[in-house]
Amino acid sequence: MPFEESKDISGAKELLLEKTLEFYKMNGRKPLALVRSFGCQQNVSDGEKLKALLDKIGFGFTEEPEEALLIIYNTCAVRENAEDRVFGNIGQLKKLKEKRPELIIGICGCMAQQEHIAQKVKESYRYVDLVFGTFAYNDLYQMLWKVMGQHERVFNQTDKYSDINEELTQLRDDKVKAFVPIMYGCNNFCTYCIVPYVRGRERSRKPENVIAEVKKLVSEGYKEIMLLGQNVNSYSYGFTSLLREINRIEGDFRVRFMSSHPKDAGRDLIDTILECDKVCKHLHLPVQAGSDEILKAMNRRYTVEKYMEIIDYARAKAPDFSFTTDIIVGFPGETYEQFCRTKELIKRVKYDNIYSFVYSRRSGTPAAKLPDDISDKQKGLWLRELILEQREVTSEWLGRFVGRELRVLVSGDGRKGEGWLTGKSGEDIIVEFKGGRELIGQFVNVRIVKAMNWALEGTVL
Ligand code: 5AD
Ligand code: SF4
């Protein structure tokens with residue numbers, strides 16, 4: 001029976017496999033999929049799961065839209081410009097679809113979880129075949145079969161999630177650094193943030209599953225394990241004991257994690273980081289703002305002084321301890337005076353890096369209802385001011401490493417030109433140095449000779 005006539009979708013995986021096999025017989029190669037992930041590491045990790053699912057039904061992969069049979073954008077919803085970029089990218093695919101009607105176009109991830117986005121795509125981007133949110137992965141084969149075999153458009157914004165599916169594995173592009181999600185979702189409801197609405201409530205993976213995955217990755221030669229969660233230190237089986245257990249795994253590798261919420265980051269977290277040799281001496285601790293009034297309006301549930309307690313505790317034990325942060329500029333109602341307190345905080349903490357953003361209104365969040373009378377232009381100027389302040393603070397603070405030796409995981413060609421390599425130290429600082437490309441993927445010891453405002457420069461020992 002031709003696949004097109006089949007209405008039975010229960011055996012979707014087998015039907016899709018037959019279809020890709022048929023493609024193989026006709027073309028002498030696998031059909032190709034382009035999966036592009038935007039946004040945070042969690043999203044990139046989801047994209048890797050998507051690739052594993054596609055690999056199992058006979059797809060190969062490409063980065064070229066022209067040769068893809070299936071294009072899926074795995075999207076981010078955290079700021080408006082992320083969404084605009086996706087719509088721009090999809091717009092560009094229209095011509096391709098006209099030329100090759102068999103091309104399948106899909107959008108998934110955080111942005112695609114939102115009903116109003118699904119509606120917009122349904123009405124205004126009629127050449128998009130598939131729109132599914134963050135909870136629909138278990139249904140991928142059924143959805144894909146509906147599109148490929150039955151030529152229907154599919155919209156799946158289900159908000160029902162079952163237990164974590166440990167059968168969903170990742171197909172990782174990177175052979176050196178691996179993302180390992182330990183928990184999903186978020187319970188914090190910061191008033192500006194869309195994440196709790198698109199990724200649901202917190203749920204944690206069992207420690208034994210995480211440990212088994214890390215062990216496997218280390219045995220395959222991975223050198224850096226990045227544990228992921230919207231708020232890793234509310235991991236429900238105990239985050240610090242998980243870190244300590246991972247630290248006991250044998251092998252030459254290091255461990256990082258993202259992100260930590262300051263309200264849950266206690267002294268035990270700092271102690272654990274300092275006591276575990278494989279855990280990087282670095283904490284990404286998003287502060288978001290430097291005034292108590294704005295922190296309250298953001299529902300962050302800590303004050304500047306509370307935040308500083310954890311910084312001071314770490315620095316009392318390890319004066320060089322590396323912190324990075326996220327900052328939002330121009331939250332509704334923020335005054336210039338309050339913004340200046342964020343600049344003050346940067347000077348007080350001395351961050352090694354800051355990810356700063358202009359506030360973006362996200363419909364459905366509590367802050368979206370607040371009056372916001374500062375223009376985007378003004379907020380852009382504040383952002384510039386903040387970045388200039390940060391560069392000054394960071395370049396001076398990075399100077400503490402000059403003359404010292406850092407262990408660097410080499411990741412690729414350097415930005416400084418021919419013959420230069422780049423990598424990151426355990427403190428998550430970019431280090432540039434001269435060396436042969438055979439070092440890529442290895443740990444090297446580098447003597448630091450210079451601090452710039454974005455990186456360190458050194459020589460391999
Ligand atoms: N506008 C601007 N930045 C935001 N972030 C989250 N939501 C918004 C928003 N509505 C930033 C926060 C967060 C990072 C991942 O993105 O700083 O820590
Ligand atoms: Fe973007 Fe947040 Fe979704 Fe990550 S979880 S992709 S940052 S919206």
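All residue numbers in this chain count up from 1 along the given sequence. This one's a predicted model, so the numbers in the text were calculated from it and none came from an experiment.
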Tell me, do [X] and [Y] make a side-chain contact under 4.5 Å, heavy atoms counted?
X: Leu34; Y: Phe61; value: no
X: Phe253; Y: Val176; value: no
X: Ser45; Y: Pro181; value: yes
X: Met148; Y: Leu16; value: yes
X: Arg85; Y: Tyr73; value: no
X: Val287; Y: Met308; value: no
X: Val402; Y: Lys450; value: no
X: Val78; Y: Arg362; value: no

SB check [X] [Y] (cutoff 4.0 Å):
X: Glu275; Y: Arg244; answer: yes
X: Arg404; Y: Asp320; answer: yes
X: Glu22; Y: Lys19; answer: no
X: Asp159; Y: Arg201; answer: no

Do the side chain of [X] and the main chain of [Y] share a donor and acceptor less than 3.5 angstrom apart?
X: Ser395; Y: Asn453; answer: no
X: Gln113; Y: Thr158; answer: yes
X: Arg256; Y: Gly426; answer: yes
X: Asn27; Y: Arg29; answer: no
X: Gln288; Y: Arg300; answer: no

Starting at [atom1] of [X], measure out to [atom2] of [Y] and round the result to the nearest 0.5 Å.
X: Gln42; Y: Cys186; atom1: CD; atom2: SG; answer: 11.0 Å
X: Thr324; Y: Leu285; atom1: OG1; atom2: CG; answer: 8.5 Å
X: Cys110; Y: Glu83; atom1: SG; atom2: CD; answer: 10.0 Å
X: Asp428; Y: Met226; atom1: CG; atom2: CE; answer: 7.0 Å
X: Arg315; Y: Ile270; atom1: CZ; atom2: CD1; answer: 9.5 Å
X: Met143; Y: Asn138; atom1: CE; atom2: CG; answer: 9.5 Å

* Apply side chain to side chain contact (heavy atoms under 4.5 Å, CB included) to the pair Phe257 and Ile273, showing each step before the final yes or no. => CA-CA 11 Å; Phe257 52 91; Ile273 295 172; 3.8 Å; yes
* Please test Val255 against Leu227 for side chain to side chain contact (heavy atoms under 4.5 Å, CB included), starting from the C-alpha separation and ending with a verdict. => CA-CA 7 Å; Val255 187; Leu227 306 176; 4.0 Å; yes
* What's the verdict on salt bridge (Lys or Arg N to Asp or Glu O under 4.0 Å) for Lys30 and Glu67, showing C-alpha distance, side-chain angles and the deciding distance? -> CA-CA 11 Å; Lys30 288 179 175 182; Glu67 57 179 26; over 6 Å; no
Polar contact flag, side-chain donor to acceptor under 3.5 angstrom, [X]-[Y]:
X: Arg254; Y: Asn247; value: no
X: Ser425; Y: Glu427; value: yes
X: Thr422; Y: Glu432; value: yes

* To do: Please test Asp46 against Arg199 for side chain to side chain contact (heavy atoms under 4.5 Å, CB included), starting from the C-alpha separation and ending with a verdict.
  => CA-CA 12 Å; Asp46 285 353; Arg199 286 193 171 267; 3.1 Å; yes
* So Ser259 and Gln230, side chain to side chain donor-acceptor pair (under 3.5 Å) or not? Walk me through it. -> CA-CA 6 Å; Ser259 264; Gln230 251 70 40; over 6 Å; no
Assess whether atom [atom1] of [X] is packed by more than 12 heavy atoms of other residues, nucleotides or ligands within 6.0 Å.
X: Glu392; atom1: CD; answer: no
X: Glu80; atom1: CD; answer: no
X: Phe189; atom1: CZ; answer: yes
X: Arg384; atom1: CZ; answer: no
X: Glu66; atom1: CD; answer: yes
X: Arg437; atom1: CZ; answer: no
X: Glu208; atom1: CD; answer: yes
X: Gln442; atom1: CD; answer: yes

* **Tyr351/Phe323 aromatic ring centres below 6.0 Å** =>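 No, ring centres 6.0 Å or more apart.
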* Centroid-centroid distance, Phe357 to Tyr355, less than 6.0 Å -> no
* Reference residue Arg172; test salt bridge (Lys or Arg N to Asp or Glu O under 4.0 Å); the match among Glu220, Glu213, Glu224 -> Glu213
* To do: Using salt bridge (Lys or Arg N to Asp or Glu O under 4.0 Å) as the criterion, point out the one residue from Arg400, Lys281, Arg391 that pairs with Asp352.
  =>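 Single salt bridge (Lys or Arg N to Asp or Glu O under 4.0 Å) partner of Asp352 among Arg400, Lys281, Arg391: Arg400.
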Can [X] be said to sit on top of [Y]'s aromatic six-ring, NZ or CZ under 6.0 Å from centre and within 45° of the ring axis?
X: Arg203; Y: Tyr161; result: yes
X: Lys416; Y: Trp420; result: yes
X: Arg407; Y: Phe443; result: yes

* **side chain to side chain donor-acceptor pair (under 3.5 Å) between Tyr137 and Asn156, worked out** => CA-CA 10 Å; Tyr137 278 61; Asn156 183 339; over 6 Å; no
* **Derivation and outcome, side chain to side chain donor-acceptor pair (under 3.5 Å), residues Ser37 and Asn74** => CA-CA 5 Å; Ser37 294; Asn74 180 25; 3.1 Å; yes
* Asked: After noting the C-alpha distance and the side-chain angles of Leu93 and Ile71, does the key distance pass the side chain to side chain contact (heavy atoms under 4.5 Å, CB included) rule?
  -> CA-CA 9 Å; Leu93 296 180; Ile71 299 181; 3.8 Å; yes
* Can you tell which of Ile225, Val210, Val180 makes a side chain to side chain contact (heavy atoms under 4.5 Å, CB included) with Ile246? -> Val210
* Which atom names give the shortest non-hydrogen contact between Leu269 and Ser260, and what distance separates them? -> CD2-OG, 4.5 Å
* Asked: In terms of the angle between their ring planes, are Tyr235 and Phe239 parallel, tilted or perpendicular, with boundaries placed at 30° and 60°?
  ->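 Rings of Tyr235 and Phe239: perpendicular, as their planes differ by over 60°.
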* Full working for side chain to side chain donor-acceptor pair (under 3.5 Å) between Glu64 and Thr62 -> CA-CA 5 Å; Glu64 300 298 328; Thr62 178; 5.9 Å; no
